[in-house]
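Naming: A, B, ... by sequence-line order, numbering from 1 per chain.
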There are 2 protein chains.
Amino acid sequence: MDGSLETRELAHFLAVAEDLHFSRAAARLGIAQPALSRTVRRLERRLGVTLFVRTSRAVALTPAGRVLASEARRALDAVDAAARRTRRAGAAEPHLVLAMKAGGDAGLLAAVLATYEGDPDACPVRVLFRTDRVGALRDGHADAALVFDRLDDLRGLDTEPLLTEPRAAVLPASHPLAARDSLCLADLRDAPVHRPGDGTEAASLTELLQLVALGRTVAVVPRSVAAGLRHDLVGVPLTDAPPVTLLLAWPAHSTSPAVAALARAVRAACPGGDPVDA
Amino acid sequence: MDGSLETRELAHFLAVAEDLHFSRAAARLGIAQPALSRTVRRLERRLGVTLFVRTSRAVALTPAGRVLASEARRALDAVDAAARRTRRAGAAEPHLVLAMKAGGDAGLLAAVLATYEGDPDACPVRVLFRTDRVGALRDGHADAALVFDRLDDLRGLDTEPLLTEPRAAVLPASHPLAARDSLCLADLRDAPVHRPGDGTEAASLTELLQLVALGRTVAVVPRSVAAGLRHDLVGVPLTDAPPVTLLLAWPAHSTSPAVAALARAVRAACPGGDPVDA
DNA sequence: CGGGATCGATAACCTCGGGGCATGGACGGG
DNA sequence: CCCGTCCATGCCCCGAGGTTATCGATCCCG
């Protein structure tokens, strides 16, 4: 019942929760198994809750253990974020980290950054190419990110829209449907369609297009991405796929003036955004 | 550098950041001042960042220190939430805590709870009366809350609407405007209007109405609140105050089936909600 | 059915770091 | 100029957290 849980305890617990094996988890943490056993036991005593059911052959999470596993992940992310953001803020030359997928800016980023640099609160922007941009915001690897609504999970984030655009299918030039002016989703019924965010996420646009060129998949992407393809690929507008919005996103609790300035720059440079109600 | 920050370090740092005085902060933490000084110094060494500028007469936060103060609060809230939610989940008889302001349910809660109890994932609901319901969600004191959009800060929360309703002004029966059928905000221009969320938050509806009865203020409240007033008070519809929506809210990262069931119950019992786009 | 392998818990020991007390040193005020 | 305030430093102690050795339970297999 006394003091708060310590970060180390949570991290150790989480290691066990993740591979359900004390010895392996201990090895992963670089400590001996008995120490880990004790830490977890103490955690259980402090919480007054059983987190694991252990038999000598198997370890399983209790319902309370599952709750803690999920909450501990958030908490540790928050602690990591605190450290990373503080280090960044205190760095000799502080900067802002913007996470995006390469090619995922619809060509608007340059203009936004140009506007941004005029702001008195601006500081240098470092671009981080990364697939899991939302995760990067949560754990402090990034201060802002370019994301798509409907494809990314925006909960816990504040956003500013840059552009709403319809989607297009990307096909090999040799594909029977490649000559069409437009397609609807039903046309792709039989094709192995790849949609961002369906778990088979490609690490980069290049990888994705490679797969398309090989005939392994068909991609559904925002229309701006489908412009300027390699010559062996064709982008065809999709009429019935709901449009997606490209957004600048940042943690809802952010207090950084530099992030606020970046949001202002987006608002100024991108008239596409819906004005917020008054 | 090396390992993560410990929660104790963050808590100690935060104490200093809050009153900018090592000795007082140490007293508040129940430890001696030298220990606190050292903890903070170590934290600075680990982060490689200066958090305070100290003269022997004053202590001030650096910009990086301000960042850490804000991030540390979030992180500590998350750690506390982890402990509280885990304890609740592991309690002999687990339950769900719903935070609300007394009278802030527009009379819908009973029906929602009745629906909820039929759900297989349901568990007993404990109601927590509290002004800062969003804070209660963040630090784990509550699992869900009844909040109002436009009055509460909903960032980081998932929500399900119960009811959208216009607002009304509450006046003393003797007030010159009390006889009117409706009012607009301009009519109240000269009155000392109290709006929820403007910092002079009343601890309870009763307190607020007390102030109105005393002629100290005029209240703007959702219309359902203005029904059934004491005889010396009058509610008058406001024509131009934007309507507010009463929402069930819960942390965006929640994975609790009981909370999900409660959201379902709201959806079932309150046809007022906008269906989310598909 | 018995022996070995696996895996978590326990026990005994050690080390280090956080906390306490006493004191030093810088600075401002009367 | 001396005193009071306030943070930093030095030194000691204790407990938390780590290590190795070992036990006990369980399953696999011959």
List the residues meeting side chain to side chain donor-acceptor pair (under 3.5 Å) with [X], not counting sequence neighbours, and say none if there are none.
X: A/Arg88; value: A/Asp143
X: B/Arg66; value: none
X: A/Asp132; value: none
X: A/Arg8; value: none

Checking [X] now: which residues fulfil salt bridge (Lys or Arg N to Asp or Glu O under 4.0 Å) with it, not counting sequence neighbours?
X: A/Arg38; answer: none
X: A/Asp149; answer: none
X: B/Arg155; answer: A/Asp158, B/Asp153

Between A/Arg54 and C/dC7, is there a side-chain N or O to OP1/OP2 distance below 4.0 Å?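 No, no such contact exists.
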
Shorter than 3.5 Å, N or O on both sides, protein versus nucleotides 1-6 of chain D: list them out with atom names.
residue: D/dC6; atom: OP1; partner: B/His21; partner atom: NE2; Å: 3.4

d(CZ, B/Arg45; C1', C/dG17) in whole Å: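 Computing the B/Arg45:CZ to C/dG17:C1' distance gives 11 Å.
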
B/Phe52 CZ - D/dA8 P separation (whole Å):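 To the nearest whole Å, that distance equals 10 Å.
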
For nucleotides 11-22 of chain D, just jot down a letter per nucleotide in 5' to 3' order: B, S or -, based on protein non-hydrogen atoms under 4.0 Å. B-----BBBBB-

Between the opening five pairs and the closing five pairs of the helix from C/dC1-D/dG30 to C/dG30-D/dC1, how far apart are the helix axes, to 10°?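 Roughly 10°, once rounded to the nearest ten degrees.
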
Name all residues meeting the side chain to side chain contact (heavy atoms under 4.5 Å, CB included) criterion together with B/Thr115; count only those two or more places apart in sequence or in a different chain, and write none if there are none.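 B/Thr115 satisfies side chain to side chain contact (heavy atoms under 4.5 Å, CB included) with B/Ala265, B/Ala268, B/Ala269 only.
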
Side-chain heavy atoms of B/Phe129 within contact of B/Lys101, under 4.5 Å: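 No, side chains not in contact.
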
With a cut-off of 3.5 Å and sequence neighbours excluded, list every side-chain donor-acceptor pair involving residues 73-83 of chain B.
residue: B/Arg73; atom: NH1; partner: B/Glu18; partner atom: OE2; Å: 3.2
residue: B/Asp80; atom: OD1; partner: A/Ser4; partner atom: OG; Å: 3.1

